[in-house]
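One structure is given here, and the rest of the page talks about it.
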Amino acid sequence: MNTISVYAFLFLFLVATLGACESESTGEIATPDNPEIWTGATVTFEKTNDADPTLAANQDRITDKVVLTRGTDGGQLFNIQVESSSDKAESPTGTLWALGTTADIDDLDFQNFRATIKPKSVVGKDLVLFLVEEEIYIDLKFTKWSSNKGGGFAYERASE
């Protein structure tokens, strides 16, 4: 490879890398041409107040990579597969969220959970959960969100 080819390669690599970083920093995602949208039977999940989030019964195993729960400290949701507790800015890791339904997927703005909605006002709102690594979109609606430190919550979501 000659010197010009090496520089051309490096230039293209940097342009591609910077472009990818820019889209990640805005929280925007490009909808795949054929997105996988789960439309199966409705799954209802509930974690009661003060229930141990480390027990499988108190976790919603959506996929092997995304398992949602909520701690008893009253924080927000987190992905117990990769997090031991919630982080307001990032949790649940591996997910992005949008207000709306998958029927309007091309017009939705996906962001982290807390940037999408204040947890205390989540009940009754239509949301789309995007599983980033698997590129799966799921309609979800919270039916309960405990605002005390018990960490209770419930929702209904589509299955595969």
Side-chain angles (χ1 to χ4, degrees), residues 15-49 51 53 55-71 73-83 85-148 150-160:
V15 168
T17 302
L18 291 173
C21 290
E22 181 180 339
S23 65
E24 285 179 22
S25 67
T26 64
E28 295 177 19
I29 58 170
T31 305
D33 291 334
N34 294 308
E36 183 175 349
I37 299 173
W38 285 6
T39 58
T42 299
V43 171
T44 300
F45 176 80
E46 181 173 4
K47 178 190 171 285
T48 59
N49 277 337
L55 299 177
N58 302 316
Q59 305 167 358
D60 184 18
R61 177 173 291 279
I62 299 172
T63 66
D64 288 340
K65 296 178 182 181
V66 178
V67 180
L68 298 182
T69 191
R70 188 172 175 221
D73 61 354
Q76 69 184 40
L77 296 175
F78 65 96
N79 180 359
I80 198 160
Q81 285 296 91
V82 294
E83 303 172 281
S85 63
S86 66
D87 175 323
K88 285 183 180 182
E90 299 295 326
S91 294
T93 298
T95 69
L96 292 173
W97 301 74
L99 284 169
T101 68
T102 55
D104 298 315
I105 199 162
D106 291 329
D107 299 323
L108 300 180
D109 179 24
F110 287 87
Q111 301 178 47
N112 69 45
F113 183 73
R114 191 167 289 262
T116 300
I117 193 161
K118 292 180 182 177
K120 290 180 181 181
S121 65
V122 74
V123 174
K125 302 284 195 294
D126 288 321
L127 294 165
V128 176
L129 164 61
F130 176 61
L131 307 182
V132 176
E133 195 170 333
E134 296 97 341
E135 295 187 346
I136 298 169
Y137 297 86
I138 303 169
D139 284 311
L140 186 146
K141 184 181 282 192
F142 282 85
T143 57
K144 175 183 167 187
W145 186 272
S146 178
S147 58
N148 62 17
F153 72 100
Y155 57 65
E156 297 174 341
R157 66 167 174 83
S159 63
E160 188 171 5

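Bear in mind the structure is a predicted one, so any value in this text is a computation, not a measurement.
Here the OG atom belonging to S86 is positioned 12.0 Å from the CG atom belonging to L68, to the nearest 0.5 angstrom. The line from OG1 of T39 to OH of Y137 is 15.0 Å long, rounded to the nearest 0.5 Å. Between D104 atom CG and L99 atom CG the span is 12.0 Å, to the nearest 0.5 Å. Between atom CZ of residue F45 and atom NZ of residue K144 there is a gap of 10.5 Å, rounded to the nearest 0.5 Å. Separating the CD atom in Q59 from the CD atom in Q81 is a distance of 7.5 Å, to the nearest 0.5 Å.
A donor-acceptor pair is defined here as one N or O able to donate and one able to accept, closer than 3.5 Å; no such pair exists between the side chain of R70 and the backbone of P53. With Q76 contributing its side chain and P119 its backbone, the two residues share no donor-acceptor pair below 3.5 Å. Counting only distance, with no hydrogens or angles, the side chain of T102 and the backbone of D139 share no donor-acceptor pair below 3.5 Å. With hydrogens and angles ignored, the 3.5 Å screen pairs a side-chain donor or acceptor of T69 with a backbone N or O of N58. Under the 3.5 Å distance criterion, the side-chain polar atoms of K47 are matched with a main-chain donor or acceptor of G151.
For E134, the side-chain hydrogen bond (donor to acceptor under 3.5 Å, both in side chains) criterion is met by T63, not counting sequence neighbours. Partners of N49 according to the side-chain hydrogen bond (donor to acceptor under 3.5 Å, both in side chains) rule, which considers only residues two or more places apart in sequence or in another chain, are S146.
The only option from L96, N79, I136 that meets the side chain to side chain contact (heavy atoms under 4.5 Å, CB included) definition with L131 turns out to be I136. With V122 as reference, I117 is the one residue of I117, L77, L140 to meet the side chain to side chain contact (heavy atoms under 4.5 Å, CB included) rule.
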Let me see the working for W38 and V43 under side-chain contact (heavy atoms from CB on, under 4.5 Å), right down to the final yes or no.
CA-CA 11 Å; W38 285 6; V43 171; over 6 Å; no
Walk me through it: do L129 and I62 pass the test side-chain contact (heavy atoms from CB on, under 4.5 Å)?
CA-CA 11 Å; L129 164 61; I62 299 172; 3.7 Å; yes
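The aromatic rings of F113 and W97 sit perpendicular, their planes meeting at an angle over 60°, well past the 30° parallel limit. F142 and Y155 have perpendicular rings, their planes meeting at more than 60° on a 0 to 90° scale where under 30° would count as parallel.
Sorted by first and then second residue, the pairs that involve residues 55-66 and meet salt bridge (Lys or Arg N to Asp or Glu O under 4.0 Å), not counting sequence neighbours, are D60-R157, R61-D64, K65-E133.
No more than 12 heavy atoms of other residues, nucleotides or ligands lie within 6.0 Å of NZ in K88, so this atom counts as exposed by the packing criterion.
For the pair F78 and S91, the tightest heavy-atom approach, listed with the atom from each and the gap, is CB-OG, 4.0 Å.
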